[in-house]
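Just below is one structure, and these are the notes that go with it.
Counting convention: from 1, in listed order, for ligands and their atoms alike.
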Amino acid sequence: MTDESFLAILDLARFAPSVHNTQPWSVQKTDQNEIILTLDPAYVLRDGDPSGRQTIISLGIFSQAVCLAAAEFGYGTSVHFENQIVKISFKKSSSSPKVSEDITALQKRCSDRSIYAKVPIKESVTESIENTSKAHGIHISVVTEPDALATIARLTSQGIHLALSNPRFRNELSQYLREPWSSKKRGIAIKSLYLPLPLAVLQPVLIRLGWGLKREADLEKRRWLSASAVVVISADGDMPPFWFEVGRTYLRVSLEIEKAGLSQATSAAIVEASTFHEDIEALLGTSHRIQAILRVGKGHAKRHYSPRIDPQDLLKAT
Ligand SMILES: Cc1cc2nc3c(=O)[nH]c(=O)nc-3n(C[C@H](O)[C@H](O)[C@H](O)COP(=O)(O)O)c2cc1C
């Protein structure tokens, strides 16, 4: 593969979402047809992701985005994940699947943290999300039942309140909140929080100081109560190889939601907080470990995008 094609692939893959938009990976081209993705310790969350789960899910998402972008340029891929390192090899293929629609969705999708309008979720949309190709041991379910959505909203709100009660979590999060005038390439655009302007501008300071925690938790509850559906991704196990495959599935799900013309947002709160995931597992009658949830509905007409690193800056010197 030429350096030009390689950069063109990265230029698409960089749209991959990640926890706090940390984009914690660096990329190394090891030979003509292989790359290695590693985690950059400078951008791995210390307090926001103590188990490392959200980071590995994010790495899985980025790997899947690389595979998708490679397919767009006519390359088949094989992916190997071990010890937090991903090896992706490329092979020119005449039978690459058509992925243009997915690529458009990857560039268009974003996290919309507004209060959604309720919309009916068509059966065909539920099917396309649940039938998204997934690795062995990974499961997807689309929840629309109002009582279940209310429980998920309540636990998400409690989970974020718990997380925000930790000053170190708040301090780290506040460093990843981006004001509109920021030129930094990592972090969450505060406009994507859809707060009234004065509150949005003050948000990094308020979060750091822990002011308005109850308001923040109540708002999160209203956000999740407004969902028309919640997509739950779960796994047979709770180890990094599962987390990585959850990430790959997460991106496929995210793109299906976008292609269906719906909005989406994620919360790691239920997954990470205490034993909250067990309540949802009981609610869904599953023994699989919940790894990611996305709320779905009709969000705001105006979208706000969080920044991304330039492809050249993703590259690690060989
Ligand atoms: C693994 C993972 C966990 C996330 N957890 C949260 C979360 O708890 N709360 C939240 O508001 N957004 C969460 N997000 C959304 C990210 O902040 C968002 O994807 C990132 O800022 C990039 O923005 P975009 O999705 O608009 O492209 C998460 C995303 C990923 C991939």
Checklist entry - So does Asp218 pair up with Lys214, basic N to acidic O under 4.0 Å? => result yes
Item to check | Whether Phe90 and Tyr75 hold their rings parallel, tilted or perpendicular, with breakpoints at 30° and 60° | outcome: perpendicular
Item to check | Close side-chain approach of Tyr116 and Ser263, heavy atoms under 4.5 Å | outcome: yes
Checklist entry - Ion pair present between Lys108 and Glu101, side-chain N to carboxylate O less than 4.0 angstrom? => result no
Item to check | Side-chain ion pair, Asp47 and Arg170, N-O less than 4.0 Å | outcome: no
Pairs under 3.5 angstrom, nitrogen or oxygen on both sides, ligand 1 versus protein: list them out, please.
{"residue": "ligand 1", "atom": "8 (O)", "partner": "Ala268", "partner atom": "N", "Å": "2.8"}
{"residue": "ligand 1", "atom": "9 (N)", "partner": "Thr266", "partner atom": "O", "Å": "3.2"}
{"residue": "ligand 1", "atom": "11 (O)", "partner": "Arg113", "partner atom": "NE", "Å": "2.7"}
{"residue": "ligand 1", "atom": "12 (N)", "partner": "Arg113", "partner atom": "NH2", "Å": "3.3"}
{"residue": "ligand 1", "atom": "12 (N)", "partner": "Thr266", "partner atom": "O", "Å": "3.4"}
{"residue": "ligand 1", "atom": "17 (O)", "partner": "Arg113", "partner atom": "NH2", "Å": "3.0"}
{"residue": "ligand 1", "atom": "25 (O)", "partner": "Arg109", "partner atom": "NH1", "Å": "3.4"}
{"residue": "ligand 1", "atom": "25 (O)", "partner": "Arg109", "partner atom": "NH2", "Å": "2.8"}
{"residue": "ligand 1", "atom": "25 (O)", "partner": "Ser111", "partner atom": "N", "Å": "3.3"}
{"residue": "ligand 1", "atom": "25 (O)", "partner": "Ser111", "partner atom": "OG", "Å": "2.6"}
{"residue": "ligand 1", "atom": "26 (O)", "partner": "Ser111", "partner atom": "N", "Å": "2.8"}
{"residue": "ligand 1", "atom": "27 (O)", "partner": "Arg109", "partner atom": "NH1", "Å": "3.1"}
{"residue": "ligand 1", "atom": "27 (O)", "partner": "Arg308", "partner atom": "NH2", "Å": "2.6"}

Checklist entry - Quick one: do Asp238 and Arg53 make a salt bridge, cutoff under 4.0 Å? => result yes
